[in-house]
Amino acid sequence: MAGPFQADYVFGKNNLVVLRHPKGKFLRVKPGDLNQIDENGGVGQFARWNIELDGEQDGLKVVKLKSQKSGKYLRIYNNGLTIDCGGGGGKWTRFKCRPTSGNSFKFESCELAGKYVAVQPRGVVVGGGGKYTEFSVWGNQPDAAPQQPQVVYVQQPAQPVVVVVQQQPEPPQQTYEAPPAEEVVPAQETVAAPAADPEPEPEPEPEPEPEPTY
């Protein structure tokens with residue numbers, strides 16, 4: 001880039017910048033009428049803009065562009081029909097920065113959706129978002145790009161793991177009782193009874209003696 005404006009600017013912080021349009025020159029306030037804008041700037045006082053970051057909208061950074069020369073703000077108003085540099089910093093001066101590539105952006109009105117700052121073949125106008133609405137932005141000092149959140153992994157000490165072991169009740173111990181042993185009665189030796197003495201045979205009755213015969 002030219003002069004002191006060598007650093008890519010990506011809206012990381014407030015900064016002094018120049019805006020290069022698709023026709024190769026720089027957007028500026030018009031010499032002799034500082035409320036108007038023209039396309040014929042270099043990088044001198046008329047073409048320098050103070051960027052004021054103003055939050056976010058629709059996930060995009062919102063900025064105001066304040067002329068270093070006049071102290072007034074770029075604006076789109078009148079239902080999107082008028083663009084000039086006569087703003088006082090109100091709602092018409094707020095623009096969403098739509099990134100395209102590198103340090104190139106499009107500036108869409110926050111208040112009037114679909115209305116962009118543009119430099120077309122016929123000059124500075126309100127555009128609809130096409131190729132004539134893209135500007136490369138150059139700062140006079142390195143930009144502080146938004147830092148990505150740093151992810152720090154902290155290893156936590158291992159927590160003791162408590163394992164609860166539920167003791168199962170022991171099954172009742174079965175006591176096996178052996179059946180009572182059968183009493184073994186020793187076999188008695190059979191002793192034969194002594195033979196009974198034979199009954200004495202009856203003595204024969206004496207025959208009657210014959211009576212004497214006289």
Side-chain angles (χ1 to χ4, degrees), residues 1-5 7-23 25-100 103-120 122-130 132-146:
M1 209 22 60
F5 297 92
D8 292 2
Y9 180 74
V10 291
F11 301 96
K13 65 177 183 180
N14 292 345
N15 207 348
L16 183 66
V17 303
V18 291
L19 306 173
R20 186 176 184 179
H21 55 73
K23 295 168 72 173
K25 291 189 178 182
F26 296 85
L27 193 69
R28 70 174 182 177
V29 292
K30 190 173 182 178
D33 188 353
L34 298 182
N35 282 346
Q36 300 303 315
I37 309 167
D38 76 26
E39 60 182 290
N40 297 315
V43 292
Q45 293 294 319
F46 291 90
R48 297 179 181 183
W49 303 87
N50 284 301
I51 297 293
E52 297 179 3
L53 300 177
D54 193 29
E56 291 188 1
Q57 184 171 318
D58 302 329
L60 300 171
K61 284 190 174 293
V62 172
V63 300
K64 297 178 182 180
L65 296 95
K66 182 179 182 180
S67 169
Q68 187 186 49
K69 183 67 176 178
S70 70
K72 294 188 177 181
Y73 293 83
L74 183 68
R75 65 180 176 177
I76 293 176
Y77 64 108
N78 191 23
N79 202 29
L81 299 177
T82 306
I83 182 170
D84 65 19
C85 192
K91 65 180 182 178
W92 307 111
T93 67
R94 301 177 73 242
F95 294 90
K96 291 182 283 187
C97 302
R98 292 192 175 276
T100 55
N103 65 326
S104 293
F105 295 83
K106 296 180 179 182
F107 299 98
E108 181 185 7
S109 169
C110 290
E111 200 67 26
L112 300 167
K115 304 298 182 181
Y116 293 78
V117 180
V119 176
Q120 296 179 354
R122 58 193 174 99
V124 179
V125 295
V126 177
Y132 292 112
T133 64
E134 185 173 359
F135 294 81
S136 61
V137 187
W138 302 90
N140 66 343
Q141 56 182 301
D143 186 25

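Side-chain atoms of P99 and L60, non-hydrogen and from C-beta on, do get closer than 4.5 Å to each other. Taking 4.5 Å as the limit, some side-chain heavy atom of F11 sits within range of a side-chain heavy atom of V137. In this structure, the side chains of N15 and N140 come closer than 4.5 Å at one or more pairs of heavy atoms. No side-chain heavy atom of K61 sits less than 4.5 Å from a side-chain heavy atom of K96.
With W49 contributing its side chain and L27 its backbone, the two residues share a donor-acceptor pair below 3.5 Å. Between the side chain of R48 and the backbone N or O of K69 there is no donor-acceptor pair closer than 3.5 Å. N103 places no side-chain N or O within 3.5 Å of a backbone atom of S136 that could act as its donor or acceptor partner. K106 places no side-chain N or O within donor-acceptor distance of the main-chain N or O of T133, the cut-off being under 3.5 Å. Within the 3.5 Å criterion, the main-chain N or O of G114 finds a donor-acceptor partner in the side chain of E108.
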Legend entry - Pair I76-F95, side chain to side chain contact (heavy atoms under 4.5 Å, CB included): steps then yes or no: CA-CA 9 Å; I76 293 176; F95 294 90; 3.7 Å; yes
Inset, instruction - Assess whether side chain to side chain contact (heavy atoms under 4.5 Å, CB included) is satisfied between Q68 and Q45, documenting all intermediate values. - result: CA-CA 7 Å; Q68 187 186 49; Q45 293 294 319; 3.0 Å; yes
Inset, instruction - Applying side chain to side chain contact (heavy atoms under 4.5 Å, CB included), run through E111 and R75 and close with a yes or a no. - result: CA-CA 10 Å; E111 200 67 26; R75 65 180 176 177; over 6 Å; no
Inset, instruction - Tell me, with the steps shown, if N78 and W92 meet side chain to side chain contact (heavy atoms under 4.5 Å, CB included). - result: CA-CA 9 Å; N78 191 23; W92 307 111; over 6 Å; no
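Here the rule is salt bridge (Lys or Arg N to Asp or Glu O under 4.0 Å) with D38, and of K23, R28, K30 only R28 fits it.
Here the CG-SG distance, from L53 to C97, works out to 8.0 Å after rounding to the nearest 0.5 Å. Between the SG atom in C85 and the NZ atom in K66 there is a gap of 10.5 Å [rounded to 0.5 Å]. For the atom pair SG of C110 and NZ of K64, the computed distance is 10.0 Å after rounding to the nearest 0.5 Å. Atom-to-atom distance recorded for L19:CG and I51:CD1 is 6.0 Å, nearest 0.5 angstrom. Taking OG from S109 and NZ from K91, the interatomic distance works out to 10.0 Å, rounded to the nearest 0.5 Å.
Contact detail for G80 and L112: the closest heavy-atom pair is N-CD1, 3.3 Å. Counting all heavy atoms, side chain and backbone alike, G87 lies closest to T93 at CA-CG2, 4.0 Å. Between A47 and F26, the shortest heavy-atom distance links the atoms CB-CB, 4.3 Å. V29 and S67 get closest at one heavy-atom pair: CG1-OG, 3.6 Å. Here the closest non-hydrogen pair linking F105 and Y9 is CE1-O, 3.6 Å. In terms of heavy atoms, L16 sits closest to N50 at CD1-OD1, 3.4 Å.
The pair K25-E39 does not meet the salt-bridge criterion, since no charged nitrogen lies less than 4.0 angstrom from a carboxylate oxygen.
Below 30°, between 30° and 60°, or above 60°: for F135 and F107 the angle between ring planes is between 30° and 60°, a tilted geometry.
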